[in-house]
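Below, read A as the first sequence line, B as the second, and so on, with proteins coming before strands; counting in each chain starts at 1. These numbers were taken from a predicted model, which means no experiment stands behind them.
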There are 2 protein chains.
Amino acid sequence: MTAAMEGSAPRRTRIQQEKRELILEAALEVFSTNGFRGSTIDQIAEAAGMSKPNLLYYFRRKEDIHETLMQRLLDTWLAPLRELDDIGDPLTELRSYIRRKLEMARDFPRESRLFANEILQGAPRIKPMLEGELKTLVDEKAAVIKGWMRAGKIARTDPWHLIFSIWATTQHYADFDVQVRAVLGADRGGDGRFEDAARFLEQLFLDGLKPKG
Amino acid sequence: MTAAMEGSAPRRTRIQQEKRELILEAALEVFSTNGFRGSTIDQIAEAAGMSKPNLLYYFRRKEDIHETLMQRLLDTWLAPLRELDDIGDPLTELRSYIRRKLEMARDFPRESRLFANEILQGAPRIKPMLEGELKTLVDEKAAVIKGWMRAGKIARTDPWHLIFSIWATTQHYADFDVQVRAVLGADRGGDGRFEDAARFLEQLFLDGLKPKG
DNA sequence: CTAACGTTTGTCCAACCGGTCAAAAATTTG
DNA sequence: CAAATTTTTGACCGGTTGGACAAACGTTAG
């Protein structure tokens, strides 16, 4: 392996790129179900179809895999919030944000669980990013929402807690999937549960629970 | 130690009861922050102020501690839902359920995280209970809520997903506490965040986001 | 007092785990 | 082809972890 220049991405062969992808995919599976400390390099190596020393040739330390995974994750994970924009109708904008977040919980549950695992244990590896990048982004979007409130387009509430509640309700369907399935039972716990959730959440966020009248 | 009779609770000395409590308290602290596999018996023993072999005298296996903790947890954890009753005014009843759940997230965050950890990893040790006891309880309360809807006391929605959304939004403040604090920042992330959350959730669940008009 | 029982500890072990290393195998390059 | 380079593997290592065990210590009842 040729030495990489400081600060630039290391040059990699075709095989290195492919194998690294293979490892990251396997690691996502393993980390998201067992947590960082609960996962072993052997498990990841086996899931990736290679030997442990071979894996360690591509990632020198277990932490490096986790770190790489985390960095990639965060971009895609925050994309829906980044898209929340001031251009459209506020209620429509919020509704589609909720829908996108719910789709991510449906399509990328492992990513959601990986993230949840990290936060649950105190976010030891990404706390700086939460206080920096994430806070900045949320503050920015909270300002947008506040504008909507001042313009009378949506009801006045706390924009930060509004964002929290959207995160919580949507990610719940990925992170607590086992519980959701168990409670809904065999008949209602199937593929339709996400559409039911979408309908429910839309109604909740728009109208709340008070009866019409 | 005298042998316990089959099926009945083992007879225990005063010291055994006290030490077992001490261990469970320490284990709750350790398990909830490191997860099951991420926690060592040594850590728990040290937190409980005793040696590892001594701890193993009271609980023969690490799993036994976790299991005992889990069993106790579930009773207190589901208590608020059990209290949800048909007697009062529906909206008031739901509002106080949300408030109670939020208070539990504030006062028992470790219990919440322990539970979240277990579910996140596929609930390997409590799945039967989810499909049995928990499902029964939720189905029962969903029926109560459905009654309220039929009577026109609250808006018609899916009672199961309503319960999920209450769980998600309230437990979020315990499970994702680090993130909540990070995003709110030093000034708003203090003790007042639970009151802000309570106000926000009340408004969300009652009125939703549509502006009054 | 003393025998029986309950509690605590030091020592030890086998399994596991993250990571190293040198050498073999495969691939690329000239 | 042959040399250089990259990839793969088996063997190994030191540290940790869950748990066993017997001996020491403390307590209590007769």
Side-chain angles (χ1 to χ4, degrees), chain A residues 1-5 9-31 33-70 117 121 124-125, chain B residues 1-5 9-31 33-70 117 121 124-125:
Chain A
M1 184 160 64
T2 20
M5 280 163 56
R11 203 175 304 151
R12 295 211 173 90
T13 68
R14 178 184 51 86
I15 290 187
Q16 276 176 4
Q17 289 189 15
E18 287 173 8
K19 295 280 164 121
R20 281 174 66 96
E21 287 308 315
L22 207 67
I23 292 169
L24 289 172
E25 159 66 26
L28 174 59
E29 185 70 31
V30 176
F31 279 145
T33 53
N34 301 109
F36 181 76
R37 282 213 53 185
S39 307
T40 71
I41 301 185
D42 271 312
Q43 284 175 352
I44 302 173
E46 199 196 324
M50 64 180 71
S51 66
K52 180 171 68 169
N54 197 184
L55 182 149
L56 284 167
Y57 169 70
Y58 295 103
F59 290 90
R60 295 160 99 119
R61 295 181 310 148
K62 185 185 171 185
E63 274 207 37
D64 291 349
I65 311 177
H66 192 264
E67 198 183 313
T68 307
L69 221 42
M70 225 48 167
N117 249 309
Q121 313 211 340
R125 298 164 231 274
Chain B
M1 184 162 63
T2 20
M5 280 164 57
R11 203 174 306 153
R12 296 211 174 90
T13 66
R14 177 185 50 86
I15 290 188
Q16 275 175 4
Q17 289 190 15
E18 286 173 7
K19 294 282 163 117
R20 282 175 65 96
E21 288 308 315
L22 208 66
I23 292 169
L24 288 172
E25 160 65 25
L28 174 60
E29 184 70 30
V30 176
F31 279 146
T33 52
N34 302 108
F36 181 77
R37 284 213 51 184
S39 307
T40 71
I41 301 185
D42 271 312
Q43 283 175 350
I44 302 172
E46 199 197 325
M50 63 181 71
S51 66
K52 179 169 70 167
N54 197 185
L55 181 149
L56 285 166
Y57 169 71
Y58 293 103
F59 291 91
R60 295 161 97 120
R61 295 180 312 149
K62 186 183 170 186
E63 275 207 35
D64 291 349
I65 310 178
H66 192 265
E67 198 184 312
T68 308
L69 220 42
M70 226 45 165
N117 249 309
Q121 314 211 340
R125 299 163 228 274

Starting from P on C:dT8, measure out to CD on B:E18 and report it in whole angstrom. 10 Å
Once you round it to whole Å, what is the distance between C1' of C:dT7 and CG of B:L55? 13 Å
For a quick check of understanding: with a heavy-atom distance under 4.0 Å over all strands, which category does A:L56 fall into, base, sugar-phosphate or nothing? base
Could you check how far CD1 of B:I41 sits from C1' of C:dA15, rounded to whole Å? 14 Å
Determine, stepwise, if the pair A:I23 / A:M50 fulfils side-chain contact (heavy atoms from CB on, under 4.5 Å). CA-CA 9 Å; A:I23 292 169; A:M50 64 180 71; 3.9 Å; yes
Between atom CD in B:E46 and atom P in D:dT17, what is the gap in whole Å? 12 Å
Closer than 4.0 Å, any side-chain N/O of B:Y58 to the OP1 or OP2 of C:dT8? yes
Is any side-chain nitrogen or oxygen of A:N54 closer than 4.0 Å to OP1 or OP2 of D:dT9? yes
Under 4.0 Å between a Lys/Arg side-chain N and an Asp/Glu carboxylate O for A:E67 and A:R61? no
Whole angstroms only, please: what is the CE-P distance between B:M50 and C:dT8? 7 Å
Is A:I44 close to A:F31 at the side-chain level, that is, under 4.5 Å between some pair of heavy atoms? yes
For D:dT6, take OP1 and OP2 only and decide whether either is under 4.0 Å from a side-chain N or O of A:Q16. no
In this structure, how many angstroms lie between the P atom of C:dC16 and the CD1 atom of A:I44, rounded? 18 Å
Give a yes/no on whether any side-chain N or O of B:Y57 is located under 4.0 angstrom from OP1 or OP2 of C:dT7. yes
Flag side-chain contact, heavy atom, 4.5 Å: A:Q16 against A:Y57: yes
Donor-acceptor pair (no angle test) under 3.5 Å: B:K62 side chain, D:dG19 base: no
Could you state the CZ-P distance from A:R60 to C:dC21, rounded to the nearest angstrom? 11 Å
Are more than 12 heavy atoms, taken from residues, nucleotides or ligands other than A:Q43, located less than 6.0 Å from that residue's CD atom? yes
Measure the distance from CD1 on B:I23 to P on C:dT7 and round it to the nearest whole Å. 11 Å
Checking all strands, does A:K52 fall into the base, sugar-phosphate, or nothing category for heavy-atom contacts under 4.0 angstrom? base
Using heavy atoms to find the nearest nucleotide of DNA chain C for B:G49 and A:P53 separately, return the residue whose nucleotide is more 5′. B:G49
Is there a side-chain contact between B:S51 and the phosphate of C:dT8, meaning an N or O under 4.0 Å from OP1 or OP2? no
